[in-house]
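Have a look at the structure below, then the notes.
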Amino acid sequence: GAVVSQHPSRVICKSGTSVKIECRSLDFQATTMFWYRQFPKQSLMLMATSNEGSKATYEQGVEKDKFLINHASLTLSTLTVTSAHPEDSSFYICSAPGTANTIYFGEGSWLTVV
Amino acid sequence: AQSVTQPDIHITVSEGASLELRCNYSYGATPYLFWYVQSPGQGLQLLLKYFSGDTLVQGIKGFEAEFKRSQSSFNLRKPSVHWSDAAEYFCAVMSMEYGNKLVFGAGTILRVKS
């Protein structure tokens with residue numbers, strides 16, 4: 001079946017550096033992918049909609065210059081957290097809609113900024 | 001605006017007892033409805049989904065959910081809870097009019113006591 005793969009699953013980075021998270025659809029094409037963030041003990045909040053070949057659409061309150069999204073191909077979307085700070089430490093997860101309105105999620109990425 | 005409400009933040013049940021987790025949504029039309037489970041430190045696993053048809057949906061791990069249009073509800077049930085069911089459960093809603101975005105409820109943490 002369709003699978004969405006996310007990498008890395010865990011990453012630790014120093015404050016002020018940037019980190020990239022990849023989201024790949026493995027056996028289907030995804031013109032749209034979604035990026036969510038989940039802070040500890042909270043629900044998943046949609047950050048942005050990644051659109052292949054065009055700019056991402058950001059949800060209110062999400063800094064587009066800090067969370068750079070690139071969707072350069074039909075199977076890959078990347079989220080780059082720029083100038084990361086400890087408050088950016090979170091669980092980031094992507095999803096892609098497949099056929100028949102099925103939503104496939106990646107495994108998620110745990111980001112810790114120290 | 002679209003919203004999803006899970007009124008119970010925590011629920012504790014005894015092993016072998018029945019379970020019902022509540023979910024209410026606010027949408028203009030009948031959306032697509034999902035229940036996900038998240039174990040500590042893990043990603044999301046889809047339990048079941050409702051798009052149309054029979055309003056009683058069977059999922060994995062012995063879970064079921066019933067869509068009640070009149071109540072705008074999609075409650076998750078399990079007749080006999082196992083200790084391994086302890087996790088956080090998220091109700092999610094998607095509507096085509098909002099571009100296939102999944103909106104999550106706040107989650108319900110299930111504790112199972114032996």
Side-chain angles (χ1 to χ4, degrees), chain A residues 1-10 21 23 25 28 30-52 54 56-60 62 69 77 89-112, chain B residues 1-10 21-25 27 29-53 57 59-60 67 87-111:
Chain A
V3 175
V4 172
S5 177
Q6 198 170 330
H7 177 81
S9 57
R10 294 181 183 275
I21 301 170
C23 180
S25 56
F28 69 103
T31 56
T32 302
M33 291 186 178
F34 301 96
W35 287 95
Y36 293 83
R37 177 171 56 185
Q38 182 184 33
F39 290 111
K41 301 187 186 300
Q42 295 187 28
S43 187
L44 295 98
M45 300 300 295
L46 180 65
M47 298 176 65
T49 302
S50 174
N51 304 299
E52 188 269 334
S54 65
T57 306
Y58 290 82
E59 297 299 303
Q60 191 173 9
V62 178
I69 291 174
S77 174
S89 299
S90 184
F91 180 67
Y92 294 86
I93 191 166
C94 67
S95 73
T99 57
N101 296 309
T102 301
I103 305 293
Y104 298 102
F105 278 89
E107 304 93 334
S109 300
W110 293 95
L111 170 63
T112 303
Chain B
Q2 51 188 329
S3 67
V4 183
T5 303
Q6 290 180 248
D8 304 305
I9 299 174
H10 297 96
L21 302 182
R22 296 183 291 168
C23 174
N24 293 92
Y25 64 90
Y27 271 77
T30 300
Y32 302 129
L33 302 158
F34 306 79
W35 273 100
Y36 288 87
V37 60
Q38 185 181 36
S39 298
Q42 302 294 315
L44 293 171
Q45 182 178 24
L46 178 66
L47 287 175
L48 47 78
K49 60 189 177 185
Y50 172 79
F51 291 161
S52 64
V57 181
I60 62 171
F67 168 62
E88 188 161 17
Y89 292 80
F90 292 97
C91 179
V93 176
M94 181 178 76
S95 174
M96 302 299 277
E97 64 184 305
Y98 292 102
N100 282 350
K101 299 177 185 178
L102 265 181
V103 176
F104 286 86
T108 299
I109 296 173
L110 172 65
R111 298 190 180 108

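Here the straight-line distance linking atom CZ of F105(A) with atom CD of Q38(B) works out to 10.0 Å at 0.5 Å rounding.
Taking the side chain as every heavy atom from C-beta outward, L102(B) and F34(A) never approach each other to under 4.5 Å. Side-chain contact between L44(B) and Y36(A) is absent, with no heavy atoms from C-beta onward closer than 4.5 Å.
The nearest pair of heavy atoms linking F90(B) to Q38(A) is CZ-NE2, 3.4 Å.
Under the ring pair (Phe, Tyr, Trp, His ring centres under 6.0 Å) criterion, Y89(B) pairs with F63(B), sequence neighbours left out.
For a residue to count as touching a neighbouring chain, one of its non-hydrogen atoms must lie under 4.5 Å from one of that chain's; by this rule L46(A) touches chain B with the side chain only. For chain A, no part of Q6(B) is nearby; none of its heavy atoms comes within less than 4.5 Å.
Each of G108(A), S109(A), S43(A) has some count of heavy-atom pairs under 4.5 Å with chain B, and the biggest count is that of S43(A).
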